[in-house]
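Working notes, structure below.
Values reported hereafter were calculated over all heavy atoms of this structure, with side chains retained and with hydrogens, waters and symmetry mates removed. When a residue number appears, it is its place in the shown sequence, counting from 1.
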Amino acid sequence: MSLVRLRTFIEVYRQRSISGAARTLSLTQPAVSQHIAGLEAAIGRALFDRQARGVEPASAARELAADLGDKLDLAESALASARARSVELAGALQIIGHADFLAEVVSRQLRPLLEDGIRLRMRSGNHELITRSLVEGECDLGISAQAPDDPRLRGELMSSDEVVAVAAPAVVQRLLAGGSLQQALGREPLLAYSLELPLVDTWLAHNGIELPASIPAVAGQDLRTLRTLMVDGFGWSALPAYLCEAAIARGELAEIPGPVGRTRRDYHLLWTPAALRQPRVAHARQILLWQLRNNPRS
């Protein structure tokens, strides 16, 4: 059985769709159907039941998918890596991620790729946009603070950082001047990544602090905006350490000491299995994972 047929089978199985697999693999629908028919002939059993809307895996398909697991993804990744060592890597690589993390952390790890002749194109977006851009083939690699939640994506943890509640030193002094920290925080303007408050809520829950539901004074997906406002003396928030430790060291910000302490935030590298067929994508994936795991701040 060829890897091409097995990859086609896996895409149809995951998407429950001949047409969806064809788009992902850049094949025609007849070609996908031929691959499945050839695989069915090879194993002597039907793999899918054709329905009005998509296909439903037969028991043979479920057994084959269970046997393959992620082995096919790993095999294709290994082959792409081998090709990367012997073919020209030059070409544009599309990366999408959170704007502040790309600028403050990832940018410091890109030089090895640039020295290999890979041209980089960077885009910013939230998790939903990152997922859509990868699935639709608009970008090659994504970097998100959430693990992949779409079955068409794969991901690996690339780094983890502490989350720190911060404000300007004068604001922190005011928060700690008297009374409960919970009440004092409720009186100060809140700055957040979004209206859902993912960073702030996690820090509050970790420290056993309950605040009444409130709308942030500012919500913005580039956390550097919130940092600038706090340095200027407005509001409080919870930020990843990479965004605030230098400002704390300079005395521009101060940590709000929680009863329990800091929380953590993970960052994941995301991709589609089909993207690893491209040598530059497979090579970039390996380099970024190694760099962010071993030199996250250098």
Side-chain angles (χ1 to χ4, degrees), residues 97-109 122 124-130 143-146 158-268 292 296-298:
H98 303 302
D100 51 86
F101 190 73
L102 290 177
E104 300 279 335
V105 178
V106 177
S107 63
R108 300 177 183 275
Q109 315 303 332
M122 315 292 287
S124 61
N126 59 13
H127 180 73
E128 290 73 21
L129 180 58
I130 293 168
I143 298 173
S144 176
Q146 292 181 232
M158 65 190 313
S159 71
S160 182
D161 202 4
E162 290 183 312
V163 173
V164 190
V166 291
V171 175
V172 175
Q173 289 179 7
R174 189 161 62 239
L175 290 170
L176 303 178
S180 73
L181 178 60
Q182 176 173 305
Q183 293 175 346
L185 288 172
R187 292 192 294 266
E188 295 290 338
L190 172 62
L191 314 180
Y193 174 82
S194 68
L195 297 180
E196 286 74 32
L197 314 181
L199 290 173
V200 174
D201 277 352
T202 301
W203 184 87
L204 290 170
H206 181 69
N207 285 281
I209 299 174
E210 294 185 9
L211 293 183
S214 60
I215 299 176
V218 177
Q221 292 177 356
D222 188 330
L223 296 176
R224 292 170 297 182
T225 302
L226 311 186
R227 181 181 63 187
T228 297
L229 286 167
M230 287 186 288
V231 168
D232 287 344
F234 183 85
W236 73 280
S237 188
L239 296 180
Y242 70 81
L243 277 174
C244 60
E245 283 188 335
I248 291 174
R250 293 191 297 267
E252 298 172 341
L253 293 176
E255 182 171 359
I256 301 170
V260 178
R262 301 177 175 185
T263 56
R264 298 197 70 83
R265 191 188 205 197
D266 294 335
Y267 295 88
H268 305 264
L292 268 297
R297 298 290 185 87
S298 63

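- Between Ile130 and Gly125, the shortest heavy-atom distance links the atoms CD1-O, 3.5 Å.
- Applying the side chain to side chain contact (heavy atoms under 4.5 Å, CB included) criterion to Ala168, with sequence neighbours excluded, gives Val171.
- If you take OG1 on Thr228 and CE on Met230, they are separated by 9.0 Å, rounding to the nearest 0.5 Å.
- Within the 4.5 Å cutoff, side-chain heavy atoms of Phe234 are placed close to those of Leu191.
- Taking each heavy atom of Leu129 and Ser124 in turn, the nearest pair found is CD2-O, 3.8 Å.
- Within the 4.5 Å cutoff, side-chain heavy atoms of Val218 are placed close to those of Leu229.
- Between Gln109 and Leu292 there is a side-chain heavy-atom pair separated by less than 4.5 Å.
- Taking Arg187 as the reference, nothing meets the side chain to side chain donor-acceptor pair (under 3.5 Å) condition, with sequence neighbours excluded.
- Note that OG of Ser237 is 6.0 Å distant from CG of Leu190, once rounded to the nearest 0.5 Å.
- Remark: Leu197 CG to Leu195 CG distance equals 7.5 Å, nearest 0.5 Å.
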Please list every donor-acceptor pair under 3.5 Å in which a side-chain atom of residues 178-185 meets a protein atom from a residue at least two apart or in another chain.
| residue | atom | partner | partner atom | Å |
| --- | --- | --- | --- | --- |
| Ser180 | OG | Gln183 | N | 3.1 |
| Gln182 | OE1 | Glu210 | N | 3.3 |
| Gln182 | NE2 | Glu210 | O | 3.2 |

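- Note on ring orientation: taking the six-membered ring where Trp is involved, the planes of Tyr267 and Phe101 are parallel (angle under 30°, cut-offs 30° and 60°).
- The side chain to side chain contact (heavy atoms under 4.5 Å, CB included) search around Arg224 returns Ala99, Asp100, Ala103, Glu104, Asp222, Arg227, Leu243, not counting sequence neighbours.
- Shortest non-hydrogen contact noted between Ile209 and Pro259 is CD1-CD, 4.1 Å.
- Asp161 contributes a side-chain N or O that, together with a main-chain N or O of Tyr242, makes up a donor-acceptor pair within less than 3.5 Å.
- Inter-residue side-chain proximity for Trp203 and Leu199 is flagged as unmet; no heavy-atom pair is nearer than 4.5 Å.
- Atoms CG and CG, from Leu204 and Leu211 in turn, are 5.0 Å apart once rounded to the nearest 0.5 Å.
- Residues Ser144 and His127 approach most closely at OG-ND1, 2.7 Å, considering heavy atoms.
- In terms of heavy-atom proximity, Ala254 sits nearest to Val172 at O-CG2, 3.6 Å.
- Shown here are the side chain to side chain contact (heavy atoms under 4.5 Å, CB included) partners of Pro198, two or more places apart in sequence or in another chain: Tyr193, Ser194, Glu196.
- Partners of Arg262 according to the side chain to side chain donor-acceptor pair (under 3.5 Å) rule, which considers only residues two or more places apart in sequence or in another chain, are Glu162, Glu255.
- For residues 167-181, the salt bridge (charged side-chain N to carboxylate O under 4.0 Å, His left out) pairs, not counting sequence neighbours, are Arg174-Glu188.
- When all heavy atoms of Asn207 and Gly261 are compared, the pair lying nearest together is OD1-N, 2.8 Å.
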Test side chain to side chain contact (heavy atoms under 4.5 Å, CB included) applied to Thr202 and Val163, step by step
CA-CA 9 Å; Thr202 301; Val163 173; over 6 Å; no

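- The backbone N or O of His98 lies less than 3.5 Å from no partner atom in the side chain of Asn126, so there is not a single donor-acceptor pair.
- Atom CG in Leu239 sits 11.5 Å away from atom CD in Glu245 (nearest 0.5 Å).
- The side chain to side chain contact (heavy atoms under 4.5 Å, CB included) check on His206 picks up Val260, Thr263, with sequence neighbours excluded.
- With Arg264 contributing its side chain and Ser160 its backbone, the two residues share a donor-acceptor pair below 3.5 Å.
- Using a 4.5 Å heavy-atom cutoff, the side chains of Pro240 and Leu223 are in contact.
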